[in-house]
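In what follows, chains are A, B, ... by sequence order, proteins preceding strands, each numbered from 1. These numbers come from a predicted model, not from an experiment.
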There are 2 protein chains.
Amino acid sequence: MRIGELAHRTGVTTRALRYYEEQNLLTAERSSSGQRHYAEDAVERIRLIRQLYAAGLNSKTVAELTPDVVDGRATPQLLQRLDAERDDLDQRITDLIRTRDRLDSVIRGASANMHTGARCPRIADA
Amino acid sequence: MRIGELAHRTGVTTRALRYYEEQNLLTAERSSSGQRHYAEDAVERIRLIRQLYAAGLNSKTVAELTPDVVDGRATPQLLQRLDAERDDLDQRITDLIRTRDRLDSVIRGASANMHTGARCPRIADA
DNA sequence: CTTGCCTTTGACGTCAACGTCAACTTTTAC
DNA sequence: GTAAAAGTTGACGTTGACGTCAAAGGCAAG
């Protein structure tokens, strides 16, 4: 499939796809005239890339974690990187849960007081 | 306390503190010569701001969620905003957990195969 | 063959959250 | 009093992940 279809099927722009290629996150066959052609599995690869971006990784890190043309054998170094990123991610999840709980307690306090007309606890004190 | 001490105690730079003020996330008393002076609770407020930034909110949103000089009474609009942000955050947490689990399965597969010498599952297929 | 859409490369623009530097004034230490 | 340290405003620089536009070539339909 060509770039437009891949873009449409993954919900990202063609500009983003070219950017991913520039960052070595994605490769493409080229037709004789120079147009990019992608296989089916590119769709899933884009999803993976987006997922890792959403997890806060930058393109360099994503490239390091997803070597796509090596022989499928993990090096100890790669394993170590994966482990480190997993732990980072875990820490961020913990922090976000804490933040969510803090929001929850503010919301509970505020909505309870809405009816009584009492003052709400200041969000900073939650 | 002055800006340097607040910066030191919160681990952010003075530039960041001035930026927060510019974005209406933070207010400060001014001495006659124009220097900023902060009360104790500024420390906790900075932590809150950092926490919300870490949760992916931008300064405009943080400002809207933490009106600091109003009378402590939540408006229905504020409550609605808080609720919406909470739901956004919850969705992001869910996504991150999915990503973490995907990383986990890759790591387990890879480290198991390290010893057998077998090929690892490609990360994209996890 | 031409019309219209798709694709190519290249280059400049954007936006948020600050970093950095300059020029200057205040406060602190001795 | 004087030098060092800390504070002030203002302005320009940075970074990452693209957006946007220009100029040009490719491709199926009629």
message: Under the side-chain hydrogen bond (donor to acceptor under 3.5 Å, both in side chains) test against B:Tyr20, which residue among B:Arg15, B:Arg45, B:Arg50 passes?
response: B:Arg50
task: Can you tell me the distance, in whole Å, between the CD atom of B:Gln23 and the C1' atom of C:dA17?
output: 8 Å
- request: For B:Ser32 and for A:Gly4, locate the closest nucleotide of DNA chain C by heavy-atom distance; then report the residue assigned to the nucleotide nearer the 5' terminus.
  value: A:Gly4
- prompt: Can B:Glu64 and B:Lys60 be counted as an ion pair, charged N to O under 4.0 angstrom?
  reply: yes
- prompt: Is it true that B:Glu44 and B:Arg47 make a salt bridge, defined as a side-chain N closer than 4.0 Å to a carboxylate O?
  reply: yes
field: Length of the CD1-P vector between A:Ile49 and D:dG16, whole Å
entry: 17 Å
Under 3.5 Å, N/O pairs linking protein and nucleotides 11-14 of chain C:
none

message: Test of understanding: with salt bridge (charged side-chain N to carboxylate O under 4.0 Å, His left out), list the residues that count as partners of A:Glu40, not counting sequence neighbours.
response: A:Arg9
- prompt: Side-chain N or O of A:Arg36 less than 4.0 angstrom from OP1 or OP2 on C:dT7?
  reply: no
message: From CD of B:Glu22 over to C1' of C:dG19, roughly how many Å is that when rounded to an integer?
response: 14 Å
- request: Would you mind telling me which residue lines up with the more 5' stretch of DNA chain C, A:Tyr38 or B:Tyr19, judged by nearest nucleotide?
  value: A:Tyr38
- line: Separation of D:dG16 atom P from A:Arg18 atom CZ, nearest Å, is 22 Å
I'd like a table of atom pairs between the protein and nucleotides 23-26 of chain C - only N or O on both sides, under 3.5 Å - with the distance next to each one.
unit_1, atom_1, unit_2, atom_2, d
C:dT26, O3', B:Ser33, OG, 3.0

message: Categorize A:Thr14 for me: base, sugar-phosphate, or nothing, with a 4.0 angstrom heavy-atom threshold over every strand shown.
response: nothing
query: Does a donor on one side chain sit under 3.5 Å from an acceptor on the other, for B:Gln91 and B:Asp95?
result: yes
- request: Using atom types as modelled and distance alone, determine if a side-chain donor or acceptor of B:Arg92 lies under 3.5 Å from a backbone N or O of B:Ala55.
  value: yes
- prompt: In whole angstrom, what separates B:Leu6's CG from D:dA6's P?
  reply: 15 Å
B:Glu85/B:Arg81 ion pair, N-O < 4.0 Å: yes
- request: Inspect the contact between B:Asp90 and B:Arg86 and indicate whether a charged nitrogen and a carboxylate oxygen are less than 4.0 angstrom apart.
  value: yes
